[in-house]
Number of protein chains: 2
Amino acid sequence: VSTSKDGPPQLPDHLRPGYERLRAGAAEILPESSLAEKLQLADQEGRPLRVKLGIDPSGAELTIGHAVVLRKLRQFQDLGHLAVLIVGEFTGMVGDPSGRSATRVQQTAEQTAANAATYFDQVMRILDPDRVEIRRNSEWLASMNLADVVRETSVLTVAKLLERDDFAKRYAAHQPISLSEFLYPFLQGYDSVAVQADIEVGGTDQTYNLLVGRDLQRAHGQPQQAVLTVPLLEGLDGVQKMGKSLNNYVAITEPAAEQFGKLMSIPDSLVVRYATLATDLRPDELAEIGAAVAAGGSGAGTAKRRVAAEIVRLYHGTAGATEAEVGFDRRFREREVPTDVPEFGLPGDDPAHLPALLRAAGLAASASEARRAITAGSVRLNGDRVDAAVLDLPRAELAGRVLQLGKRKAVRLVG
Amino acid sequence: VSTSKDGPPQLPDHLRPGYERLRAGAAEILPESSLAEKLQLADQEGRPLRVKLGIDPSGAELTIGHAVVLRKLRQFQDLGHLAVLIVGEFTGMVGDPSGRSATRVQQTAEQTAANAATYFDQVMRILDPDRVEIRRNSEWLASMNLADVVRETSVLTVAKLLERDDFAKRYAAHQPISLSEFLYPFLQGYDSVAVQADIEVGGTDQTYNLLVGRDLQRAHGQPQQAVLTVPLLEGLDGVQKMGKSLNNYVAITEPAAEQFGKLMSIPDSLVVRYATLATDLRPDELAEIGAAVAAGGSGAGTAKRRVAAEIVRLYHGTAGATEAEVGFDRRFREREVPTDVPEFGLPGDDPAHLPALLRAAGLAASASEARRAITAGSVRLNGDRVDAAVLDLPRAELAGRVLQLGKRKAVRLVG
């Protein structure tokens, strides 16, 4: 495989579409030429590639953020390759910082297994179950003894471990890093040796650990895996990483109507990002959406609606997505919530003071006018009348909602 | 136990002499009050203290440098306590950087065992074999699995490990430190947990590792060991640490005559140090020797002779020491080597040019006079005529020897 400076590697024509599809939406491929090399190798040897993904079974509810890498893995499957899922059972078990006593470790192991089961049900909504190999890393890690550990860790250096972003920051900030934490990249990397991974996929926050797998494979005389990372999807607020604790997520098992409603609440600035990372839209379709959002106006709202429907369709089918969209419109119509309104960026205050917010958003001429309107019952949030007794509301309850004064004046609040 | 600022802890009278003896010649006791506390505890509970010493069996020949800590351990035994020797069999085995393959590890294990046996024969010349418990750390380390390792290492922090002198220096100098090396202090510290050590003794270069033992004991709910370190003995040159590679050592199994001869070659500046760390002389005797060396002249030579004889006596008995001293004198008399001559510090050049050296030491008025004397056969080194064909000699062959021109002019060269 030769790589020209201006274009993709020189691959045989029949491998090019697959390569382009895998490359699209990826954050990094390390080394740059490795993905094309592996695809060509698989083609020559007439075998599927073993594409590893490490799973953390501790968070049981999958979001469309988790789905980004799983959908990338599905693309590999659709090209005939094998998804090798590593359930970090061992890692999860010993990783529990409270797991000091034997009893506790036992409990944690049970809980870890339960979480993993829930996780799988969800994962198989995205992956093709016929092209999956599931491995639990306790399979090889539980039998590893101290002599193995000392020998295996001799190829990793402390300086390189300290270069990992989070370790570097904590070390610089004089926050403790335990020696056991330094063993984690090794444990994860050793999984690649154990399953003889050709490729490993993961979020950009895992880049370091994925590269450790290459180091350990080299030490074992194995071909080194290609590393493909995908970006981390921002949450609905467009600021933080998507996560349960921030309540800014869309779970893949949520009802279609809830998914659609949540997705319609994202700021315009996130539409292209979500389209790129969370749908199966083609590059030309992504370009259309980008142009519509950039042009603004009602076209931007239509583009957002299309992206929301595309995401819901992945988890509830076309009928489910259509039904969700119709329901959304009906609900908003019943509540007389206008759907095509300008966005207004929430100021930094948390909680926000509603009279001040109404004035700042231009819905009322003054805070006192706003207060009178609230008392008169003519201010609504997503169609619900605002309680005059609670004038300060947390930003999380405001972001993504339509704030309305009377019938005509409204804005969509964005974080 | 209360510690007054100006004196030793308030111990019962019958424990005081033992405490003073153990304290003498120690570099540090950490924490300061811990030794007295442990002695009192043993006295109250009517049991011997378990005094741990980790042994590195890789160097087979014991020197009087190694003997410093062993003799401190013997003092504990003489007070009724138990020496717990940890043979680092496991540590030595996995520590071999060449031990990558299974076969090699096997060989290394055999060799390690052989070295350990040789080591023991020598150790028992110093220790009381009736108060020794010998443990091989493979006993508990070989069965340790990865989950144990992760759990145990969670109490040690990377930042603290990087504070260890040698790690800190290497990290600052961008020299690689492997992750496996970071496990060593843990392995050594865990030995203290396994044998439930009350006290651990070691050289000052081991201070860090000895303190790790305290951390791990605390994590296991054990009383924390007291740490007693002894200084590292300088080699015969008075500059470098005593070691085989530098050929500046006295082995404890060497014949008495060789030991005595080597010890008579040390510079005056080392006499008190050797007396303090390598003999059983009492504090008042050490004071006498210090005064004699400070006064200089023939008294300094007599003091050096006394220290040399005291050291030889430890390994060959009084008769052996006396015989060595008589033989030394006879040999020097036969060769007409004066024994009571001033010292002359060797200049930095290595090799040293003899004519220049004779002039610098004041034995010849000029280099050419010196050269003529060498050609005439009237220049001797420890009684041996200097070969006029070899005028440049390595410092190692000069240090400690008597350089003589004719009958009357002589100096003892010191490094």
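Here the structure is a predicted model, which means the values were calculated and not measured. Basis for what follows: all heavy atoms, side chains included, without hydrogens, waters or symmetry-related copies. Proteins get letters first, then strands, A, B, ... in listed order; numbering begins at 1 in each.
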As a test of understanding, state which of A/Thr157, A/Val158, A/Leu156 forms a side-chain contact (heavy atoms from CB on, under 4.5 Å) with B/Phe182. A/Val158

What part of A/Leu161 gets closer than 4.5 Å to chain B, counting heavy atoms only: side chain, backbone, both or neither? side chain

If you measure from CG on A/Leu179 to OG1 on B/Thr153, what distance do you get to the nearest 0.5 Å? 4.5 Å

Any chance you could measure B/Asp148, atom CG, to A/Leu146, atom CG, to the nearest 0.5 Å? 9.0 Å

Answer yes or no: does atom CG of B/Asp166 have more than 12 heavy-atom neighbours from other residues, nucleotides or ligands under 6.0 Å? yes

Between A/Ser154 and B/Ser178, the two heavy atoms sitting closest are O-CB, 3.4 Å

So for atom CG, which belongs to A/Asp121, do other residues, nucleotides or ligands contribute more than 12 heavy atoms lying within a distance under 6.0 Å? yes

I want to check something: taking the side chain as every heavy atom from C-beta on, are B/Leu162 and A/Leu162 in contact at a cut-off of under 4.5 Å? yes

